[in-house]
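What follows is a short report on a single structure.
Lettering follows sequence order; numbering is per chain, from 1. None of the values given here were measured: they were computed from a predicted structure.
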Amino acid sequence: EPEVTQTPSHQVTQMGQEVILRCVPISNHLYFYWYRQILGQKVEFLVSFYNNEISEKSEIFDDQFSVERPDGSNFTLKIRSTKLEDSAMYFCASSAGSTQYFGPGTRLTVL
Amino acid sequence: QKEVEQNSGPLSVPEGAIASLNCTYSDRGSQSFFWYRQYSGKSPELIMFIYSNGDKEDGRFTAQLNKASQYVSLLIRDSQPSDSATYLCAVTKETSGSRLTFGEGTQLTVNP
């Protein structure tokens, strides 16, 4: 059964550093998403991506964040200058329609 | 008012019982409704989705939707210890490509 994959599973970085989180969506899906979940809190939407452009973003997704689909398979989330409060689980999801399937997540720890 | 509200729990049921999880949403324009299961430290795993008023059954799981009351529920029959997890209710406004808005989840424990 096809699934969303994410790398790395855990990323530790220093405050102010740039990080890139990678995702490979399910191959025939057209819509891609990033969510985050701070420990003990609910899952929050960051951004959605369709047809090689951002279709929607939340207020969390400020200028420090960017997304890219650099080739036919990968979908990346870049955080330019990490802050302590960026520490969270980051989930990539993809969908062919409305039903979204989540990857295993990347745990980002900012020190 | 929270966009998606769930009983915070925790909810504890004995093995073999029916677990009932509830969710209300504030936006009447919501179109699609999802239940995800999340084990501690893991990602959300889709259990069921429902678009139309009424009941939808899949194995031991039944989702119920009442758009007039802005209410979604999930029933788990013959609960098993492996069902112990946090259950997340999520809604979208459109049928494709729209953000999921999650509730805070209900923690379910099934006691052997």
Side-chain angles (χ1 to χ4, degrees), chain A residues 1-7 9-10 21 23 25-26 28-61 67 88-109, chain B residues 1-10 21 23-27 29-52 56 58 61 63 65 67 72 85-107:
Chain A
E1 185 175 319
E3 57 184 22
V4 177
T5 60
Q6 290 185 243
T7 54
S9 57
H10 191 188
L21 310 183
C23 168
I26 295 172
N28 63 339
H29 284 184
L30 302 176
Y31 303 93
F32 315 121
Y33 315 82
W34 284 101
Y35 293 84
R36 80 171 185 191
Q37 187 176 31
I38 295 170
L39 186 64
Q41 298 187 21
K42 67 178 182 178
V43 178
E44 299 176 291
F45 169 78
L46 293 177
V47 66
S48 59
F49 193 86
Y50 171 71
N51 201 24
N52 283 319
E53 60 182 26
I54 291 173
S55 48
E56 189 181 4
K57 59 183 181 179
S58 73
E59 58 279 0
I60 302 169
F61 194 88
V67 289
M89 282 289 285
Y90 288 81
F91 298 113
C92 175
S94 69
S95 71
S98 61
T99 304
Q100 297 181 27
Y101 297 90
F102 283 73
T106 294
R107 180 173 298 283
L108 177 64
T109 302
Chain B
Q1 184 184 11
K2 292 180 183 177
E3 290 184 78
V4 179
E5 198 149 359
Q6 298 183 244
N7 305 46
S8 57
L21 304 159
C23 172
T24 57
Y25 59 95
S26 61
D27 189 341
S30 300
Q31 296 284 336
S32 305
F33 307 87
F34 302 87
W35 284 99
Y36 287 85
R37 177 174 61 196
Q38 187 176 33
Y39 294 110
S40 181
K42 303 295 185 182
S43 63
E45 174 192 6
L46 180 70
I47 298 175
M48 289 192 70
F49 57 87
I50 186 167
Y51 305 139
S52 305
K56 180 181 178 183
D58 184 1
F61 299 95
L65 173 61
K67 289 188 177 180
V72 195
T86 297
Y87 289 79
L88 309 178
C89 174
V91 306
T92 65
K93 291 187 183 180
E94 294 169 15
T95 53
S96 295
S98 182
R99 68 167 75 184
L100 285 168
T101 300
F102 283 87
E104 296 194 11
T106 298
Q107 187 178 345

Checking heavy atoms, do the side chain of E56(A), its backbone, both or neither come under 4.5 Å from chain B?
side chain

Y50(A), part contacting chain B, at a heavy-atom distance under 4.5 Å
neither

Among G41(B), G105(B), A90(B), P44(B), which residue has the highest count of heavy-atom pairs closer than 4.5 Å to chain A?
P44(B)

Minimum-distance pair of heavy atoms, taken over all atoms of Y33(A) and G97(B):
OH-CA, 3.1 Å

Evaluate whether atom NZ of K56(B) has more than 12 neighbouring non-hydrogen atoms of other residues, nucleotides or ligands under 6.0 angstrom away.
yes

Rounded at 0.5 Å granularity, tell me how far CZ in R99(B) sits from CD in Q100(A).
11.0 Å

To the nearest 0.5 angstrom, please state how far the SG atom of C89(B) sits from the NZ atom of K42(A).
11.0 Å

Donor-acceptor pair, distance only, cut-off 3.5 Å: does the side chain of Q37(A) make one with the backbone of S43(B)?
no

Less than 4.5 Å to any heavy atom of chain B: does that hold for the side chain of S58(A), its backbone, both, or neither?
both

I'd like to check L100(B) versus Y35(A) (side-chain heavy atoms, cut-off strictly below 4.5 Å). Are they in contact?
yes

Is any side-chain heavy atom of T101(B) closer than 4.5 Å to one of F45(A)?
no

Which region of E44(A), side chain (C-beta onward) or backbone (N, CA, C, O), has a non-hydrogen atom less than 4.5 Å from a non-hydrogen atom of chain B, or is it both or neither?
neither

Does E45(B) have more than 12 heavy atoms from other residues, nucleotides or ligands lying within 6.0 Å of its CD?
yes

Report the distance from atom CZ of F102(A) to atom CD of Q38(B), rounding to the nearest 0.5 Å.
9.0 Å

